[in-house]
Amino acid sequence: MTRLMKKSMMIAVILIFYILIPKLVQAASNDTIRKIDQFIEEQQTISEIPGLSVIIVDKGKTVYQKGFGFADMKTKTPVTSHTLFELGSTSKAFTALAILQLENQGLLKRSDNVQKYIPWLSLAYKGEEQVMTIQQLLSHTSGIPSNSITRIPESTADNALELTVKTLLDHPLNRKPGSSFEYATINYDVLGLIIEHVSKQPFDQYIQQNILQPINMDQSFVGVHQVQSSNMASGYKIGLMREQAYIPPVYRGNIPAGYIISNANDIARWLKLQLGNSEIYSLSNNLIQESHIPDQTVEPFDTNTFYANGWAVVEKDNKPYIYHAGENPTFTSYFIMQPDEQIGVAILVNMNTSFTTAIGQGVMDLWEGKTIQNQHVSSYQKLDKIVTIISAIVIAISIFFCYLLFKNIQSLYNKQRGLAKLNYKRIFLLSVHFVLATTLLAAIFFTPTILLGGLNWTFIKVWAPTSITILLYSTIVASFLYFSLGFTLIATKKKI
């Protein structure tokens, strides 16, 4: 073979390489995208999710950005890259970044006692006043109990943040600060109040001017009260085995922990910033990386998983992943990043469902070339199905009681029955009947507090499937009908 032929063959091989390899890579990428599309559509159908937005960034590029379903089921408005969603607890990373930013400016230290900034916030553990640091709030090791979320007040007032933090007063800590992890969303509301005191600005204004605007998240808002856009999605909950529109109360005092409002366009920018490949340098990359450093002074809260500053960090398959889930009464979100490969995935959903996290993890797996093995099962969906069936039974019983009560009252009206003389036996029966009815009502009222770790019906009605509210009221009605029917049967008798 001549030298010329060898050169020609080498050139031909190189040309084939440069022509075919990109096409093979593109084909593989297209196949992955088809799998992701199919996976999301399947999960959306199973979960009854009305609408969701999905974003994938890879090495500084937005490689996948797509909307599925509807932002509003009534008007059939489709989800687009401009559709706005409440983020839920993925908002915490914004608040944490603001704290690090203020520390970088020398205006506070994470090791500072919280009372340096909020002097009246005196909290005790086992009767002894405790020193709580800003870092302990950031890493959920403050000792504030997780059920403190149930006391967050409904409020649209300008001082709602202070009102929220004041709900911690006169309630003991669950553990000594710094001793162990306990996730409590209100930790980040306390941080929000510290930001207000240090910056001398309302929290929403500070985040808008110092975090969102510098990184060109111009389509995002801090709190529902700021939203002035027709692109806001309607929120939904599961109920009666389908999505149900629901407008929850406004918790303005919980904005630092869960109420950044954003869309796919801006979240793509946020992910790129977190992965260190953003074209925007107005926020220090060192500051971003510092926010990802986990607190390993306490035991992991899950397998190989530690909490950082608004992010969870886990070691899986010898690779680090940075992630967080967000959950509000009618919205959920999930962000996950693999920093070594500079891959980020975000899911925004206009319904409260655990499928959001499952979809996010599944999309990341598919993009990394892995297979999805487990089919996700939503505890909310299972609960809703059970409660819906029980509600139907209770309503049927109520209708039956109502029929019997009507017949009894009709008999009284037609003088087929009359008032009975109250003897000892009837008084005893009426007393037992009254005790049974009141015991049932008391059990209904106190069940969440006793069995669900201090939750109350107000909280449950906002957060749980709508079928639970239907069961609550139908049970109360059934109890009233049962008492009324029993009373008319005991207190009257047939006329001979």
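Given the structure is predicted, the values throughout are model-derived calculations rather than measurements.
In this structure, NZ in Lys116 is found 12.5 Å from OG1 in Thr133, a value given to the nearest 0.5 Å. A distance of 6.5 Å separates CD1 of Ile195 from CG of Leu191, quoted to the nearest 0.5 Å. Considering CG of Asn254 and OG of Ser155, their distance stands at 11.5 Å, rounded to 0.5 Å.
Counting only distance, with no hydrogens or angles, the side chain of Asn350 and the backbone of Gly51 share a donor-acceptor pair below 3.5 Å. Judged purely by atom type and a 3.5 angstrom limit, Tyr380 has no side-chain atom pairing as donor or acceptor with the backbone of Lys237.
At least one side-chain heavy atom of Val79 sits less than 4.5 Å from a side-chain heavy atom of Phe85. Looking only at side-chain heavy atoms (C-beta outward), Met132 and Leu123 come within less than 4.5 Å of each other. Here the side chains of Leu193 and Glu196 are in contact, with some heavy-atom distance below 4.5 Å.
Residues His140 and Tyr307 place their aromatic rings such that the two centres sit under 6.0 Å apart.
Between the side chains of Lys272 and Thr62, a donor-acceptor pair is found at a separation under 3.5 Å. Looking only at atom types and distance, the side chain of Lys92 has a donor-acceptor partner in the side chain of Thr185 under 3.5 Å away. Using modelled atom types, one finds a donor on one side chain and an acceptor on the other under 3.5 Å when comparing Ser220 with Asp266. Side-chain N/O atoms of Asp72 and Ser234 include a donor and acceptor closer than 3.5 Å. For the residue pair His376/Gln43, the side-chain donor-acceptor check at 3.5 Å is not satisfied. Using modelled atom types and a 3.5 Å distance limit, the side chains of Thr90 and Ser333 yield a donor-acceptor pair. No donor-acceptor contact under 3.5 angstrom links the side chains of Gln136 and Asn187, judged on distance only.
Heavy atoms of other residues, nucleotides or ligands lying less than 6.0 angstrom from CG of Asp170 number 12 at most. Residue-environment remark: CD1 (Ile247) stays at or below the threshold of 12 foreign heavy atoms within 6.0 Å. Heavy atoms from other residues, nucleotides or ligands lying under 6.0 Å from CZ of Phe434 number 12 at most. No more than 12 heavy atoms of other residues, nucleotides or ligands sit less than 6.0 Å from atom NZ of Lys61. More than 12 heavy-atom neighbours from other residues, nucleotides or ligands sit within 6.0 angstrom of NZ on Lys316.
Under the 30°/60° scheme for interplanar angles, the aromatic rings of Trp311 and His292 are found to stand perpendicular.
The two residues Tyr321 and Met364 come nearest to each other via the heavy atoms CE2-CG, 4.2 Å.
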